[in-house]
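Have a look at the structure below, then the notes.
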Amino acid sequence: MQLRRATTAGAFLLTLTLLTTLTEAHNITRLLAKHPEFSTFNHYLTLTHLAADINDRTTITVCAVDNSAMSALLSKHLSIYSIKNILSLHVLLDYFGAKKLHQITNGTALAATMYQATGSAAGSSGFVNITDLKGGKVGFSPEANDGTFPSHFVKSVEEVPYNISIIQISTLLPNQAAEAPTPAPAELNITGIMSAHGCKVFADTLLANSDAFKTYEGNLNGGLTVFCPMDDALKAFLPKFKNLTAAGKAALLEYHGIPVYQSMSMLKSNNGLTNTLATDGASKFDFTIQNDGQQVTLRTKLVTARITGTLIDEQPVAIYTIDKVLQPKELFKGALTPAPAPAPEKPAHAPKKSKHAPSPVADQEADSPAASPDEDPADQTADDSNGAVRVERMGFGGLVFTSVWLVFSLLLVIYWVISERSIRGCAIHTSHFTSHTLFDNFYPLIFFNSSDPTAEN
């Protein structure tokens with residue numbers, strides 16, 4: 001009986017856990033859409049891609065300002081990059097509901113912001129001071145202030161306890177570092193950024209290839225995401241790289257770039273095939289973006305690489321480090337299938353060479369270092385065809401189905417318990433099984449109980 005009760009309780013708790021998980025996700029755009037007075041603020045959260053970053057986090061507070069306060073900001077004619085920095089200063093990486101704001105320990109708190117988390121903030125300029133003032137007011141100011149509070153708490157807009165809180169403050173927080181002009185994308189030295197953060201070999205190889213470097217530069221303004229292999233990974237791959245033709249080398253370098261901006265939260269939500277800078281008509285040169293929780297992977301037919309770090313994530317450019325070199329099947333077809341067994345030697349006949357000129361396909365396969373002794377181990381180059389049957393993560397539909405199944409099981413258990421008690425009550429007056437006998441004999445099997453269901457405990 002104790003086993004049955006434990007099983008029932010376990011099923012009930014698991015059901016509640018899954019149902020709670022389904023309700024935890026939040027969407028800042030939808031939450032603010034209920035309040036038209038914040039429509040401009042909401043629009044710029046989407047335009048700067050901050051909305052996706054907010055949706056990807058939990059335990060977060062958004063300090064929203066109304067349309068008139070946003071008009072004052074827009075009148076300064078700042079770049080979209082500066083506006084993103086300013087708005088990210090108003091996203092606190094902690095939960096502050098209306099009640100907590102008036103119960104701050106020691107009356108003051110220093111909260112980190114999304115602006116601080118980007119690494120763009122100088123020193124501690126990405127922190128916000130929150131102080132419970134006299135008269136029931138709560139003041140907000142940048143961390144480095146002279147004791148004044150330019151903005152105050154107005155009201156709570158939306159609260160999902162300990163998940164997301166949206167509050168209104170009276171005005172935007174001033175911050176000279178956030179408002180400072182940011183370099184235009186074309187002025188970014190992407191190879192310098194990579195060289196300084198563990199991707200020097202990739203940066204130097206890119207600089208040495210004028211065709212590939214021009215392709216990267218040409219996409220800076222429109223949007224660019226780069227996945228640069230760390231130095232150790234690329235050094236080990238260089239023997240293969242040197243065996244490629246000039247066109248193959250350029251294609252491999254371009255294969256590590258995407259012609260659109262993708263923040264980390266966008267990579268996590270936009271799973272699936274993606275084109276690259278090397279994609280050109282019939283030459284697909286694509287790979288699959290997948291994530292398992294917080295880990296994002298890039299899968300080709302030959303290798304799976306993990307994103308290990310972020311070097312820069314400022315629209316329209318993002319640069320991430322990866323732990324392996326991405327290998328497209330268009331250049332490394334020889335690694336997809338094992339080489340056929342050698343035919344028996346025929347001394348009387350020398351091997352004949354084709355009289356036809358090499359086709360584009362043949363030239364493309366010549367790019368493959370399959371003839372080189374420097375092949376990858378089998379576990380690194382094997383086709384990941386079995387990945388199709390592996391569940392990377394449970395989707396929304398899967399959670400709903402599981403929850404419904406568990407609820408049904410719980411109701412079945414309750415029905416069985418009630419029925420069993422009814423049978424025991426009737427046992428005083430009759431020694432024959434009732435219509436419940438089939439159920440009583442069947443259900444204990446589900447819980448692996450071989451005892452007589454009508455026996456007393």
Side-chain angles (χ1 to χ4, degrees), residues 26-57 60-102 111 113-118 120-121 125-131 133 136-142 145 148-160 163-182 261 263 265-266 314-316:
H26 57 261
N27 186 306
I28 183 64
T29 305
R30 293 177 184 172
L31 291 173
L32 285 174
K34 305 175 188 176
H35 309 276
E37 65 270 27
F38 303 112
S39 59
T40 306
F41 182 83
N42 195 14
H43 170 72
Y44 276 91
L45 286 183
T46 301
L47 193 63
T48 58
H49 297 287
L50 281 173
D53 293 332
I54 292 171
N55 293 339
D56 191 50
R57 291 178 177 266
I60 199 167
T61 301
V62 179
C63 302
V65 295
D66 59 21
N67 294 338
S68 61
M70 284 298 297
S71 296
L73 171 65
L74 298 178
S75 66
K76 297 180 180 181
H77 304 291
L78 300 174
S79 69
I80 190 67
Y81 316 114
S82 295
I83 292 176
K84 180 178 181 179
N85 287 340
I86 294 169
L87 295 185
S88 64
L89 182 68
H90 294 73
V91 181
L92 312 180
L93 304 182
D94 198 357
Y95 180 85
F96 289 95
K99 183 178 180 180
K100 183 177 179 179
L101 287 173
H102 292 285
T113 67
M114 196 171 283
Y115 179 48
Q116 183 72 25
T118 62
S120 302
S125 61
F127 286 86
V128 170
N129 182 292
I130 307 172
T131 300
L133 305 172
K137 291 185 176 182
V138 178
F140 291 78
S141 72
N145 67 86
T148 60
F149 295 89
S151 188
H152 296 83
F153 170 73
V154 177
K155 65 179 181 181
S156 173
V157 180
E158 295 279 347
E159 289 188 22
V160 180
N163 187 9
I164 182 171
S165 171
I166 305 175
I167 61 175
Q168 180 184 359
I169 60 175
S170 57
T171 186
L172 288 167
L173 298 172
N175 189 302
Q176 293 182 352
E179 293 184 19
T182 57
Y261 166 74
S263 67
S265 59
M266 294 167 71
E314 297 179 5
Q315 189 186 6

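Heavy atoms only: backbone and side chains are in, while hydrogens, waters and symmetry mates are out.
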- Item | Backbone N/O of Ile86 and side chain of Asn175: donor-acceptor pair under 3.5 Å | no
- Query: Can you tell me how far CG of Leu45 sits from OG1 of Thr29, rounded to the nearest 0.5 angstrom?
  - Reply: 7.0 Å
- Message: Taking the side chain as everything from C-beta on, heavy atoms only, tell me whether Cys63 gets closer than 4.5 Å to Leu92.
- Response: yes
- Query: So Ile54 and Ile164, side chain to side chain contact (heavy atoms under 4.5 Å, CB included) or not? Walk me through it.
  - Reply: CA-CA 9 Å; Ile54 292 171; Ile164 182 171; 4.2 Å; yes
- Can you check side chain to side chain contact (heavy atoms under 4.5 Å, CB included) on Glu314 and Asn85, steps first, answer last? CA-CA 9 Å; Glu314 297 179 5; Asn85 287 340; 5.7 Å; no
- Step by step, work out the side chain to side chain contact (heavy atoms under 4.5 Å, CB included) result for Ile169 and Val65. CA-CA 6 Å; Ile169 60 175; Val65 295; 3.8 Å; yes
- Can you name the closest pair of heavy atoms from Phe127 and Gln116 and give their distance? CE1-CD, 3.5 Å
- Indicate the atoms forming the closest heavy-atom contact of Leu173 with Ser151, along with that distance. CD2-CB, 3.8 Å
- Query: When rounded to the nearest 0.5 angstrom, what is the spacing between CG in Leu89 and CZ in Phe140?
  - Reply: 11.5 Å
- Closest non-hydrogen contact found for Pro150 with Pro174 is CG-CD, 3.7 Å
- Start with the C-alpha gap between Ile130 and Lys100, add the side-chain angles, then the distance that decides, and say whether side chain to side chain contact (heavy atoms under 4.5 Å, CB included) holds. CA-CA 11 Å; Ile130 307 172; Lys100 183 177 179 179; over 6 Å; no
- Task: Determine whether the side chains of Gln168 and His35 contain a donor N or O and an acceptor N or O closer than 3.5 Å.
- Result: no
- Under 3.5 Å: donor-acceptor pair, side chain of Thr61, backbone of Phe96: yes
- Got Leu50 and Tyr44 here, is their nearest side-chain heavy-atom distance under 4.5 Å? no
- Query: Taking all non-hydrogen atoms of both residues, which atom of His102 and which atom of Gly136 are closest, and how far apart?
  - Reply: CE1-O, 2.9 Å
- Query: Ignoring hydrogens and geometry, is there a side-chain-to-backbone donor-acceptor pair from His49 to Pro316 under 3.5 Å?
  - Reply: no
- Query: Side chain of Asn67, backbone of Pro36: donor and acceptor closer than 3.5 Å?
  - Reply: yes
- Enter the distance from Tyr115:OH to Leu93:CG here, rounded to the nearest 0.5 Å. 14.0 Å
- Item | Gap between atom NE2 of His152 and atom CG of Leu133 - 0.5 Å precision | 5.5 Å
- Note on the structure: Glu159 meets the side chain to side chain contact (heavy atoms under 4.5 Å, CB included) criterion, sequence neighbours left out, with Tyr95, Ala98, Ser156, Ser165
- Query: At what distance, to the nearest 0.5 angstrom, does OG1 of Thr40 lie from CG of Leu73?
  - Reply: 10.5 Å
- Task: Write down the atom of Val154, the atom of Ser170, and the distance for their closest heavy-atom approach.
- Result: CG2-N, 3.6 Å
- Query: Which atom pair, heavy atoms only, marks the closest approach of Asp53 to Ser263?
  - Reply: OD1-OG, 3.7 Å
- Given the side-chain rings of Phe41 and His90, with only the six-membered ring counted for Trp, is the space between their centroids under 6.0 Å? no
- Query: Would you say the side chain of Phe149 lies within less than 4.5 Å of the side chain of Val138, judging by non-hydrogen atoms?
  - Reply: no
- Item | Pairwise distance CD(Glu158) to CD1(Ile28) - rounded to 0.5 angstrom | 9.0 Å
